[in-house]
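Have a look at the structure below before the remarks.
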Amino acid sequence: MAEALLALESLRFDAGGRTLIDSVSARIPAGRRTVVLGPNGAGKSVLMRLMHGLIEPTAGRVVWSDDRKPVQAMVFQRPVMLRRSVLDNLTYALSLAGVSHVERTARALDVLHRVGLAHLASRPARVLSGGEQQRVALARAWVLRPQVLFLDEPTASLDPGSSAEVERLIGVIATESCSIVMVTHNLGLARRLADDILFVDAGRITEHTPVADFFAAPRSAQAEHYIRGELSWT
Amino acid sequence: MSTLTDSFATAGALVIQADPQLLGIVALSLKVSLTAVFLASCLGLPVGAAVAVGRFPGRRGLTVILNGLMGLPPVVVGLLVYLLLSRAGPLGAMGLLFTPTAMVIAQVVLITPIIAALSRQIVADAWREYEEQLRSLGASTPRAAFTLLLDTRFSLSTAVLAGLGRAVAEVGAVMIVGGNIDGVTRVMTTTIALETSKGDLPLALALGFILISIVLVLNALAHAVREWAVRRYG
């Protein structure tokens, strides 16, 4: 396996008296696209929030292989647009990242061109369609030049056209030496984008294999069940 | 009924004649209350946002206190400010009692909790939607609070208007600390109280109609601006 980007060491997370993540250990490889699969309530999103540092583990550690934490960004299922223009949404992210004032606009415009949203730069972000907002959210993540991009069901509430566009953009971002960790229920998306599958069930990782192996021969009964169940719906 | 019709006629006549004394009273009312609203907003909005977003001990207690203080009785506020500003009081040396400044101080005390409590609620609701996104982008708590204040600006206008409505309509506090001195601290509500006690009901009611009209016009303007802004910015 490639060099590890981050290691999860006996991670546990409790909330409301329940254990949502239970003694999870894994190594997420650098420069690869890891897709997290699993049934609803399995703890996929919680696991990703632990990796990203949005929540603190109850026990265990998230260890980055580099001494310095890599630049991270996350795209959520429902994009949260600030009540300002598309361009200002991007420059806001850059200002929080400490990018100098003179650089922000140029970098933001450059990324908007690359995601094909330059014509919307001065539009208020909140009045855009859901698909456009999600693309702005991706652009806002991309403009930070992340070394790791976390995606939580980025296509779940989009129509097929927007979905395809978001998928294409994720593919482009992944080619720029950016590791990807994505939660999804869209098995087609997982097959096309993933290098590795991390299968989570009831707060534990039950499988961590290359994508071809996972779909050809899932090792656990739950995973097989999940694949069959999901496929019958898609 | 005759009192009502008389007072309509009186109100109309007063407005048409643009009686200088009346104009002075209306102008002082607006000057005192708008100044108080401005100062109370400078205090209340940041406090509301800080209580909504911050994590510190006693936050719940503070929320309850803020909500409770929305119902402060104006006469009690007036009395407290009177004691502070009277000759023997701690701030007596400043000689502010029975001046418009004293009235502004009393109204600031009265409406800051209203603006703080309402803005806390508005910002807390927005925080639920924005929290993960802002924390993912690395926003500090003060920065997040400031961003939320900006993003909820249209809703916050309602909180500010509630403060203005309360300030311009209350009589107890300004009566006690202002003293209803003709030409110096006489405002619309104190004039209404005075004319009522003198038995000039038509004049008192006429002033009441003018007061209500001013409040309605201010609210209509604010509503129109808000409608336009929401359509424009989402």
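Remember, predicted model here, so these are calculated numbers, not experimental data. Residue numbering restarts at 1 for every chain, and letters A, B, ... go by the order of the sequence lines.
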N/O donor-acceptor pair under 3.5 Å between A:Arg83 side chain and B:Leu148 backbone:
no

Contact check, side chains of B:Leu150 and A:Leu82, non-hydrogen atoms, under 4.5 Å:
no

Taking all heavy atoms of A:Leu96 and all of B:Ala139, pick out the closest pair and write down the distance.
CD1-CB, 3.7 Å

Which atoms of A:Leu128 approach chain B - backbone, side chain, both or neither, heavy atom under 4.5 Å
neither

First locate atom OH of A:Tyr92, then atom CG of B:Leu134, and finally report the distance between them rounded to the nearest 0.5 Å.
5.0 Å

With a cut-off of 6.0 Å (strictly less than), are more than 12 heavy atoms of other residues, nucleotides or ligands near CZ of B:Phe154?
yes

CZ of A:Arg78: more than 12 outside heavy atoms within 6.0 angstrom?
no

Taking side chain as everything from C-beta outward and backbone as N, CA, C, O, which of these in A:Arg49 sits under 4.5 Å from a heavy atom of chain B? Side chain, backbone, both or neither.
side chain

Under a 3.5 Å cutoff, is there a donor and acceptor pairing between the side chains of B:Gln133 and A:Arg140?
yes

Should A:Met74 and B:Glu132 count as side-chain neighbours, where that means a heavy-atom distance under 4.5 Å?
no

Side chains of A:Arg84 and B:Thr147: any donor to acceptor distance under 3.5 Å?
no

Inspect the surroundings of OH in B:Tyr130 and state if more than 12 heavy atoms from other residues, nucleotides or ligands are less than 6.0 Å away.
yes

Donor-acceptor check, side chain of A:Arg126 to backbone of B:Tyr233, threshold 3.5 angstrom: yes or no?
no

Just wondering, do A:Phe76 and B:Ser136 contact through their side chains at under 4.5 Å, heavy atoms?
yes

Do B:Arg231 and A:Pro124 come within less than 4.5 Å of each other through their side chains, counting heavy atoms only?
no

Can you confirm whether more than 12 heavy atoms, excluding those of A:His119, are under 6.0 Å from its NE2 atom?
yes

